[in-house]
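For reference, the structure is listed below as structure tokens.
Numbers here are sequence positions counted from 1.
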Amino acid sequence: MPFSTDTNWPQGLLNIFNASRNQNAPVESRYYGPYDRLFNYAMIEGSFTNFSNFLVVLNQEQKPVLFAEIEDDRWANVPDRHHRMDTQMRQRYDQMLHKCPIPRLYGLSLLGTSLRVYCGDKATCEATPHFVGRPNVHRILPPGFLEGQWNLDMLSPDGLTKMQEIVAYIKAEAADVVGQ
């Protein structure tokens, strides 16, 4: 079945993720290969640039239409890591939003397979979810800081549905850009 009508991720793709979780690869790179496969399966067209710590989906003009910041799942329950991941996502928007050829640039923040979806609006230069600063700059982050924000499992049916929505948006907007 094509990606747009799938109700589950293909078993082969799930097997790749399971194998990567169990390998002794460096923590930082454990998920890059599986996510490269996932994006190739979901997008088909376009080119993919694999940087040392994030992936970018580029259109035919080499402009960003989607990006993903990927870290190991060991970051999932550490408040400082949540803060750093959120900061990294916003830095990527600073670098890429103005280059995006479509009205919204989606960013996927992934801690293993736990997903937080960001969306940058080119017209307003805003990214959602909105920034949450340190509750007290003179203290360490509280244990529950940004807890539950990476609450969507990318490999679940809900994660698949979210990716289908994002990909459908990108393809529709890209077709409008080409048609102009």
Side-chain angles (χ1 to χ4, degrees), residues 1-58 64-93 96 104-120 127-129 132 141 143-171:
M1 282 199 291
F3 171 74
S4 61
T5 59
D6 280 349
T7 56
N8 291 298
W9 291 105
Q11 189 58 49
L13 187 61
L14 297 175
N15 291 344
I16 291 169
F17 273 89
N18 286 333
S20 72
R21 280 189 187 113
N22 297 324
Q23 69 181 351
N24 286 330
V27 170
E28 298 80 28
S29 63
R30 184 180 313 194
Y31 288 101
Y32 295 151
Y35 277 113
D36 184 60
R37 279 288 179 95
L38 184 145
F39 294 141
N40 275 292
Y41 170 70
M43 298 296 288
I44 298 172
E45 304 131 19
S47 67
F48 301 83
T49 303
N50 185 353
F51 294 96
S52 60
N53 55 353
F54 68 104
L55 291 168
V56 181
V57 178
L58 303 169
V65 294
L66 175 71
F67 72 96
E69 188 82 32
I70 305 164
E71 296 294 346
D72 195 68
D73 25 23
R74 294 179 196 170
W75 283 43
N77 297 314
V78 182
D80 177 60
R81 301 285 171 103
H82 292 167
H83 185 261
R84 286 197 325 196
M85 191 70 155
D86 185 63
T87 300
Q88 287 172 350
M89 291 297 291
R90 292 173 196 291
Q91 288 171 340
R92 300 288 179 231
Y93 276 106
M96 290 186 275
R104 292 186 302 216
L105 176 62
Y106 280 94
L108 308 177
S109 176
L110 293 147
L111 301 176
T113 62
S114 297
L115 171 65
R116 185 180 196 202
V117 177
Y118 288 73
C119 183
T128 56
V132 176
L141 291 167
F145 185 74
L146 295 179
E147 187 173 63
Q149 296 299 304
W150 285 263
N151 60 353
L152 181 59
D153 183 353
M154 173 67 103
L155 300 180
S156 72
D158 289 341
L160 173 64
T161 299
K162 185 51 131 175
M163 272 304 293
Q164 288 168 328
E165 291 169 5
I166 292 169
V167 170
Y169 168 78
I170 292 168
K171 288 184 175 187

* Shortest non-hydrogen separation from L66 to I170 and the atoms involved -> CB-CD1, 3.9 Å

* **Short side-chain to backbone donor-acceptor contact, Q88 and E69, under 3.5 Å** => no

* To do: Of all the heavy-atom pairs spanning N8 and L160, show the shortest one and how long it is.
  => N-CD2, 3.3 Å

* Is there a donor-acceptor contact under 3.5 Å from the side chain of H83 to the main chain of L141? -> no

* Does L108 reach the side chain of I166, with side-chain heavy atoms less than 4.5 Å apart? -> yes

* To do: Give a yes or no on whether R21 atom CZ has more than 12 heavy-atom contacts from other residues, nucleotides or ligands under 6.0 Å away.
  => yes

* Is a donor on one side and an acceptor on the other found under 3.5 Å between the side chain of W9 and the backbone of M154? -> yes

* Validation row: L115, D153 side chains within 4.5 angstrom (heavy atoms) -> no

* **Non-neighbouring partners of E147 that pass salt bridge (charged side-chain N to carboxylate O under 4.0 Å, His left out), sequence neighbours left out** => none

* Given side chains that start at C-beta, do those of V56 and V65 come closer than 4.5 Å, heavy atoms only? -> no

* To do: Could I get the full list of side-chain hydrogen bond (donor to acceptor under 3.5 Å, both in side chains) partners for R116, not counting sequence neighbours?
  => D86, Y118, Q149

* To do: Find the distance between CG (L111) and CH2 (W150) and round it off to the nearest 0.5 Å.
  => 6.0 Å

* In Å and rounded to the nearest 0.5 Å, what is the CE to CG distance from M96 to L58? -> 9.0 Å

* Structure fact -> Heavy atoms of C119 and R104 approach each other most closely as SG-CD, 3.4 Å

* Asked: With a 4.5 Å limit on heavy-atom distance, are the side chains of Y31 and E71 in contact?
  -> no

* To do: To the nearest 0.5 angstrom, please state how far the NZ atom of K162 sits from the CD atom of E165.
  => 4.5 Å

* Asked: Does the side chain of F39 come within less than 4.5 Å of M163's, by heavy atoms?
  -> yes

* To do: Under the side-chain contact (heavy atoms from CB on, under 4.5 Å) rule, what do F54 and Y35 come out as? Steps first, then yes or no, please.
  => CA-CA 10 Å; F54 68 104; Y35 277 113; over 6 Å; no

* Give, for atom OG of S109 and atom CE of M85, the distance between the pair rounded to the nearest 0.5 Å. => 3.5 Å

* Pairwise distance OG1(T113) to CD1(I70) - rounded to 0.5 angstrom -> 11.5 Å

* Structure fact -> For I16 and R37 the tightest heavy-atom approach is CD1-NH1, 3.3 Å

* Identify the heavy atoms of A68 and L110 that sit nearest to each other, and give their distance. => CB-CD1, 4.1 Å

* Pair F67 and Y93, ring centroids less than 6.0 Å apart -> yes

* What distance do D80 atom CG and L146 atom CG have between them, rounded to the nearest 0.5 Å? -> 11.0 Å

